[in-house]
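To start, the structure itself, in structure tokens.
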Amino acid sequence: MRKKRETIFLKALEENQNKIFRICSVYSKDSEDAKDLFQEVLVNIWGALPKFKSNSSINTWVFKIALNVCLRFKSKHTKNQNILIRLDSLTIANIGSEEKSDVENEKLNNLRTCVKTLNEGDKAIVALYLEGLAYREISHILGLSENHIAVKVKRIKLKLLNCINELL
Amino acid sequence: MIEDELIKIWQSSNSQERIKFDKSKLMLELQSSLGRLHRWWNYLELIEMISAIIGILSFGCIVYVAPFVATKIASVLAIVFFINILIQLLGIKKIKPSDLEENYIEYLKKTRLYLEAQKRLLKTSVYWVILPVFPIMLLFLIGFWEIPEKRYLIVIIYLITIAMCIYGYLLNKKRVKKEINPRIDKVDELIKELRE
């Protein structure tokens with residue numbers, strides 16, 4: 001049973017680690033904060049895994065946990081530092097921008113800056129949209145209708161494009 | 001910039017941060033972190049329970065050994081008082097949102113409900129914690145008034161009780177204003193932002 005749980009967890013982690021980390025980054029003020037949050041999300045995913053029903057998508061389920069943990073982390077942060085989770089086996093290295101051109105880096109930094117300027121509600125939607133999730137999956141994770149998500153995404157994209165154009 | 005390019009740019013951040021982990025070590029650490037968290041919560045609950053039980057047992061003993069009827073009655077009332085506090089605290093714990101598998105809106109609504117309950121508990125604590133302390137304490141000490149050399153001590157104890165109750169009341173008021181209300185406002189705002 002434990003072995004099966006470990007296999008599901010590791011598979012989900014390998015497939016979604018970068019996505020989860022990016023969601024954590026949206027809700028963090030800096031990269032250190034994002035790393036703390038990422039570790040908290042992992043522990044909570046592991047803790048909630050026995051409740052996971054295999055008839056639903058593990059990826060959608062993982063995002064649901066990640067978003068709720070981000071929300072909880074944000075509201076209790078700075079108060080419960082004493083029970084902050086530290087996973088030494090995990091390293092998140094900033095490998096920098098060597099592999100990418102300056103233009104690509106600038107685009108990414110501008111997009112990140114603009115995402116940070118959105119309100120918290122829009123951040124939750126855009127974090128999932130930018131990970132390539134379908135409207136149906138986003139609506140399932142957030143508890144809003146697909147039509148509502150479609151309208152919101154359209155508005156948010158416009159906001160982001162305007163913001164990026166202003167930065168250029 | 002075309003809209004679909006946003007997704008491409010966003011996902012290109014894979015090449016900026018690299019996550020590495022040792023599988024077997026990570027699994028051990030996750031399990032121990034989870035165990036540590038559970039132990040921490042159990043420890044907090046245990047402290048609350050032990051304090052309440054000590055309080056109840058102490059007053060239970062006083063009921064038998066106290067020389068005055070008023071003190072015995074006050075001790076019985078104190079036991080009821082502690083049991084009531086325990087019930088109220090356990091009641092609020094039941095509605096604490098713990099199911100992370102809920103959808104975001106549902107989780108937000110449950111968080112709001114929990115915060116509202118906390119706020120109500122702190123606001124009404126003046127009636128079921130602070131005010132009952134005065135008559136119970138008065139009844140507890142009044143029997144000792146018959147001993148003249150203890151009178152001075154009784155007055156001091158009662159004054160300290162009043163000061164502590166006022167401090168507790170102000171502390172609760174501050175917690176509601178500075179901690180709980182802003183969190184409720186934040187959750188409301190987030191629900192509104194998601195729905196509008």
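Note that these values count all heavy atoms, side chains included, but never hydrogens, waters or copies made by symmetry. The model shown is predicted, which means the values in this text are computed figures rather than measured ones. First the proteins, then the strands, lettered A, B, ... as listed; each starts at 1.
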Sub-4.5 Å side-chain heavy-atom contact between [X] and [Y]:
X	Y	value
Glu131(A)	Ile7(B)	no
Trp10(B)	Val115(A)	yes
Lys64(A)	Tyr104(B)	no
Asn103(B)	Asn68(A)	no
Asp99(B)	Lys51(A)	yes
Glu120(A)	Lys186(B)	no

Handout entry: Apart from Ile54(B) itself, residues in the same hydrophobic cluster as defined by side-chain heavy atoms under 4.5 Å
Key =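 So far as hydrophobic clustering goes, Ile54(B) is joined with Leu46(B), Ile50(B).
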Can you say whether [X] sits under 4.5 Å from chain B via the side chain, the backbone, both, or neither, judging by heavy atoms?
X	answer
Val69(A)	both
Leu130(A)	both
Ile125(A)	side chain
Lys152(A)	side chain
Ala124(A)	side chain
Val153(A)	neither

Is [X] atom [atom1] crowded by more than 12 heavy atoms from other residues, nucleotides or ligands, each under 6.0 Å away?
X	atom1	value
Lys174(B)	NZ	no
Lys93(B)	NZ	yes
Tyr169(B)	OH	no
Lys8(B)	NZ	no
Arg5(A)	CZ	yes

Problem - Stepwise side chain to side chain contact (heavy atoms under 4.5 Å, CB included) test for Ile164(A) and Leu6(B) - result: CA-CA 10 Å; Ile164(A) 290 169; Leu6(B) 290 175; 3.7 Å; yes
Practice task
Treat each ILVMFWY residue as a node, draw an edge where side-chain heavy atoms are under 4.5 Å apart, and state whether Ile92(B) and Ile85(B) are in one component.
Solution key: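 In one cluster: yes.
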Handout entry: Trp46(A) with Phe52(A), same ILVMFWY side-chain cluster at under 4.5 Å
Key =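 Same cluster: Trp46(A) reaches Phe52(A) through Ile, Leu, Val, Met, Phe, Trp or Tyr contacts under 4.5 Å.
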Completion exercise
With Leu100(B) as partner, the option from Leu71(A), Ile45(A), Ile65(A) fulfilling side chain to side chain contact (heavy atoms under 4.5 Å, CB included) is Ile65(A)
Exercise for the section: Would you please go through residues 187-196 of chain B and name the residues with a non-hydrogen atom below 4.5 Å from one of chain A, in numerical order? Expected result: Leu190(B), Glu193(B), Leu194(B), Arg195(B), Glu196(B)
Exercise for the section: Quick one: do Glu5(B) and Lys107(A) satisfy side chain to side chain contact (heavy atoms under 4.5 Å, CB included)? Show the steps, please. Expected result: CA-CA 10 Å; Glu5(B) 208 183 333; Lys107(A) 279 180 182 175; 2.9 Å; yes
